[in-house]
Every structure is written in structure tokens, then in C-alpha cells.
Amino acid sequence: MSENFKAIRKSNISRFALATGVLYGVLGCLWILASDSLVSSISSDPAWVATAQRYKGLFYVLATSLGLIFLMRTGFQRLLRASSHAEDSDLQVRDLFMQHPKPMWVYDRQTLEFIAVNDAAVLFYGYTREALLSMKLADLSPAEDHSHLQALMHGPHQSHRDMGVVRHRRKSGEQVSVHLTAHAVEFLQRKAEMVMAIDVTAEVLSKHALERQESQFRQLHQSLASVLWMASADGRTVLYVSPALERVYGASPQAMMANPDLWLQAVHPQDADIASASHRVLQATGESNCEYRIRMPSGEVKWVLDRKRLIVDAEGLVTLMGGIVEDITAEKAHEALRAQTHVELERLVAARTVELVRVNAELDAFARTIAHDLKSPLLSVVGFTQILQKRYGAVLNEDGARLTGRIERAAKQMASLVNELLALSRVSTALLAIEDVDLIPVAYDILEELQAQEPHRQVRFDSPVSLQVRADPGLVRPLLANLLGNAWKFTGKRDDACIALLLEAQAPEVVFCVQDNGVGFDASQAEGLFKPFQRFHTLSEFSGTGIGLTTCERITARHHGRIWVQSAPGEGTSVFVTLSPSATASCPEDAESLQAV
């Protein structure tokens, strides 16, 4: 900046010297012309004239010398003051430019070269001062912005202008956005502009993000199938309606904004009261939801779900109202179809149930008839076999006696199977009479019968004093008979046989367990444990029909209970059953161990 002021000072000195010389010449000419006339007017004496002419020149030299001395002294003092003031101003401007916190530079308007840059520009752009002074404005801009830069630089120049927001690139490659303002200056006798740059990268990014969000929000509104709307607090001025209005109502958003009552006019006449009431509810409670039908200009009738609410400010004053209208015609059609299907399904179920009851009754009657018809010949076979053994036992040899014994055992097994099937049939069809039942006396009666059949066996039986349940007494006995019978049978090969009827849990349902220390079986590998005729031991090992657990499962199911088995080979079996508890059921603490011979 000092070079500029030096040039100014040199120019001022030259002008001062030129002005002094011109003034001296003019005064000299005027003196020559005026002094001769003055001398002649004073006296015409030749001696006086000669003397006056001699001293006139000396006076002019002396006067002009004194004048030149005064002018030179005054002029140089003024020049020195102006130079000092200029140097002070130059120093202030240079300090202001160099130490300004914002990036600033001076560039040549013709070549677009940098002439001067301040410290903030060096720090902001990351280049050294020498590197920046060797660059042009275009070197800071991305290549795609050069055309815009050319138009900006070659436009009309003013003393002050706002160049707007442009993109620049730092030395690191980072792209920034800066707002430029320029002032026209003359710098080093060159036409230039002083530019200040303000970093607005954060603001530009925020603006772009906001514009992007607004665009996405607008696209979302335009893509939704539901109608979104917003209106003034009184509903008389529609502020916004989404494009879905065209698809749902068959009317343009502009038509809705021009006629705020368009939505109410589209309501089906039979549902007009529902739609009007929804608006009153909105004003009273601040929100409303309702369903009604609308009629499109084409005559098509649709169902819509109308949800709206009032929008209040921080002080609770209503400022706006808005809502969503959703086309639910398809859902209504599905609901009607489901209702029709449900009615048809109930009719079919009722018809099938009647048919199933009839078929089951016929099957039950058929099973009873077959069982009754089978029992008579089986009893005849058993009876005639016994007569044959009694009358002709002496005639039959050993092989004949063995064969007749097998016939008798097979007939008895078949008769037992028929009885089990009849019992299973009765379990499925018998009417339940639920009452409080104590399982312990029933269990002792069953064990006494088993002991009477095998009086030689010694079996230990453990149970609580009482075990109360809510069940049908007629079905509880076969349930326990099968469970205790299995335990009795499968402990037959043990000298220390033990059977237990234990209470495992009491609330919210009674869980009791029939436990034995018999041979057991691999329950984890048993499929269809409760299916009919399922056996886990051969008939030669243990007798049985394979119906017992099936009967237990049917009885438990009819009482809405559950039954499951835990067993392992050589470790005995535990069968668990759940039934409803009795109000007088005993607690586990009241249990005690009893002995049965």
C-alpha cells in the first residue's frame, strides 16, 4: 500500500513545480509590460528613465526571489503535511486490511489476478501469501463454476456491489461457500476491486438440508393414498390439501381450497348427520374420528375414515385444524365378506356338528352292538373250553391241554378288550356330573380289588390323608383304576414294590401323580403315547389291551385337564394329571404315608 502513496506524492510535487514555473513566467511578463509604462508615466527625463530602468530589473529579481522563497517554503510545508497525513492514512488502511478477521483480497479487474491478500485469507484458504498472489480468481473456483465467474466478473462494475454466494475450494480440496462483497478501488495505478469473503458454508448446508427435507416431506404427502388437509381455526379457509384428494374425492385440491364445504357436500345423504356431528365433536372435544360414505362425481360410493383435531399454540388457543381422510372402501368390503363368510361357516359348522353327532351316535350304537355280539360268542368259547378241560382233561394229552389253555386265555383277552372298548365309548358319551370327590377312598377300593386278585403280593402304598378334586365320580374311578392297575402290573416283578398317589400342586389346579418303582420304559422315544393299542412291553411280559392310557386321556380331556408321563427303563413311571381343585382340598402338609398289604 506504501507504493501507492509514494506515487501520489511524486505526482503532487510535479504539479507544484509546474504551477510555480507558470506563475513565475506570467508575473515576469506582466512586470515587463507594466513597469515600462509606469516609468514613462512618472518622468520623461532620459537620465531618470535610464536610472529607473537599471534599478527596475534589480527590484524585480529581489521581489521574485522573495516570492519564490515564500512559495517554496509554503508549498513544501503543505507537501510535507500531506505526505505525513497520507503515510498515516496508508498505515491505518494497511493495518485494517491486513488484520481484518474476514478473508479479504484486492484483484485486478482486467486480469483477475490477486494484487494483495490479508492474513485471514491466507489462513482460510490454506495457501501461502506468495502462492495466492501468483493465482487468479478462477483458481479458487471449481471448474464447473468458471462460466458463472466470468459472467460475474465481466458484468457492470459499481463502486460497491454484492457478488452473492459462490463456491470456492481450499488447498486441502474442501469445498466451501462464501458470500462476497466488492468495492471498486484504484490500487498501484490499476483499476481493482477490494473483496471481502464471509464463510456461509454451514448456512448453505443447513438450507440445502431444509430444502431436501421439505422436498421429501412434499413427496411423501403427494405419494400418500390418504388425504391430508389443514385449515384455519374456524375451518372456513383451507390452507393445504394433499393431491390424494383427486384420487379419493374425484376433486382437485384447488377446488377444495376454493370451496371449504366441498367435503361435506360429497357425503352420502344417509351419512350426512354422522359427518356433521363429527365437526361438532371436533369443536367440543378437540378431536373426532368417524366413518361415513361419500359419493364421487362419477356416482361411485366410497367409505372413508375421517380423523381430525384442533391445533393449539403454547397458550392453548386454537390456531388451526387439520386431519386425515383415508379411503377404507376395500376394508369395508373385506369386513362384509368376512361377516358373510363367518355366517356361512357357522351354518356349515352347525350342520356338520349335527351330522357328526348323528354319525357318532350311530357309531356308538354300532360299537355297542358289535361289542355285545362279540361278548356272547367269546363267553361261549371260554365256557365250552372250560367244559372241554373238565370232561375230557384226562383224554387230552399235554399238548391238547396247552392248546385249550391258550384258547381260553385268548378268549378272555378278547373279552377284556371288548369291555375296555365299551368303557372308552362310555367315557366319550357319558354326561358329566361334577362334584367334590376324595380320590383316596376310591384308590383304596381299587387296591383292595387288585390285592384280592393277587393275595400273595406285598405292595407298599403311600398317599395323603385326603386328596379332594372337582370331577365326575363315575369317571374318576376308571381313571384311577387304569393308573393304579398299570402301577400294580408293572411292579409285579419287584419284591419291594411301591405305589404312591401324591399331591404335586393345589392352585390354580390340582396336580396329582401316580408313581411306581416298576420296570418303566423310555417315554422320550414313545410316539402316540395315548393312542389306542399302544404298548411298550410285549404281551408275554405283561398282559393288557393297550386301551388304559387312552381312556385316562379321554377322561382328563373331558374335565379340561391334562395328563403326561415321565418314565425311564428300570426307574419306574410317574403319571401326572390335572383336575379342578375342590374348596375342601387338603394341603400337602396334611399328607402322611400309609401302608397297604
Close side-chain approach of [X] and [Y], heavy atoms under 4.5 Å:
X: Val565; Y: Ser574; value: no
X: Leu467; Y: Leu501; value: yes
X: Pro253; Y: Trp229; value: no
X: Val248; Y: Val304; value: yes
X: Asn517; Y: Thr491; value: yes
X: Val511; Y: Val577; value: no
X: Val227; Y: Glu326; value: no
X: Ile294; Y: His268; value: no

Does [X] use its side chain to pair, donor to acceptor, with the backbone of [Y] at less than 3.5 Å?
X: Thr201; Y: Ser177; answer: yes
X: Gln451; Y: Glu454; answer: yes
X: His559; Y: Ile555; answer: yes
X: Asp313; Y: Gly316; answer: yes

So how far is it from [X] [atom1] to [Y] [atom2], rounded to the nearest 0.5 Å?
X: Leu345; Y: Arg338; atom1: CG; atom2: CZ; result: 14.0 Å
X: Asp306; Y: Tyr292; atom1: CG; atom2: OH; result: 3.5 Å
X: Leu579; Y: His560; atom1: CG; atom2: NE2; result: 11.5 Å
X: Gln265; Y: Asn259; atom1: CD; atom2: CG; result: 4.5 Å
X: Ser232; Y: Leu320; atom1: OG; atom2: CG; result: 8.0 Å
X: Lys332; Y: Asp327; atom1: NZ; atom2: CG; result: 12.0 Å

Quiz prompt | Full working for salt bridge (charged side-chain N to carboxylate O under 4.0 Å, His left out) between Glu509 and Arg562 | solution = CA-CA 10 Å; Glu509 58 186 359; Arg562 295 176 294 119; 3.1 Å; yes
Quiz item: Are Lys308 and Trp263 in a cation-pi setup, meaning NZ or CZ lies under 6.0 angstrom from the ring centre and within 45 degrees of the ring axis?
Solution: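 Positive - Lys308 is close enough to the ring of Trp263 and near enough to its axis.
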Exercise. Would you check, one step at a time, whether the test salt bridge (charged side-chain N to carboxylate O under 4.0 Å, His left out) holds for Arg494 with Asp496?
Key: CA-CA 5 Å; Arg494 295 188 64 101; Asp496 59 342; 3.3 Å; yes
Quiz item: Are Glu449 and Arg477 close enough for a salt bridge, meaning some N to O gap below 4.0 Å?
Solution: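 Looking at Arg477 together with Glu449, the answer is yes, because their closest N to O distance falls below 4.0 Å.
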Practice problem: Taking only Lys NZ, Arg NE, NH1 and NH2, and the carboxylate oxygens of Asp or Glu, determine whether Arg307 and Glu287 approach each other closer than 4.0 Å. | Solution: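 Glu287 and Arg307: not salt-bridged.
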Self-check item: Flag for Thr573-Ser567: side-chain donor and acceptor within less than 3.5 Å
Solution: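 The criterion, which ignores hydrogens and geometry beyond distance, is satisfied for Thr573 and Ser567.
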Closest non-hydrogen atom pair, [X] against [Y]:
X: Gly322; Y: Ile311; answer: N-CD1, 4.3 Å
X: Ser278; Y: Ala275; answer: OG-O, 2.5 Å
X: Ala443; Y: Leu480; answer: N-CD1, 4.2 Å
X: Ile499; Y: Trp488; answer: CD1-N, 3.7 Å
X: Asn482; Y: Cys552; answer: CB-SG, 3.4 Å

Quiz prompt | Steps toward salt bridge (charged side-chain N to carboxylate O under 4.0 Å, His left out) verdict (Arg352, Glu355) | solution = CA-CA 5 Å; Arg352 294 290 176 86; Glu355 181 67 16; over 6 Å; no
Exercise. Return the orientation label for the Trp564 and Phe576 ring planes: parallel under 30°, perpendicular over 60°, tilted otherwise.
Key: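 The rings of Trp564 and Phe576 lie parallel, inter-plane angle below 30°.
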Quiz item: Taking only residues at least two apart or on different chains, which pairs with a member in residues 266-280 satisfy salt bridge (Lys or Arg N to Asp or Glu O under 4.0 Å)?
Solution: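 Those involving residues 266-280 are Asp271-Arg293.
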Quiz item: Does Glu344 CD have over 12 foreign heavy atoms under 6.0 Å away?
Solution: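 Counting neighbours around CD of Glu344, more than 12 heavy atoms of other residues, nucleotides or ligands fall under 6.0 Å, so yes.
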Practice problem: Take Asp495 and Arg457 through the salt bridge (charged side-chain N to carboxylate O under 4.0 Å, His left out) test and state the conclusion after the steps. | Solution: CA-CA 8 Å; Asp495 296 333; Arg457 288 192 58 187; over 6 Å; no
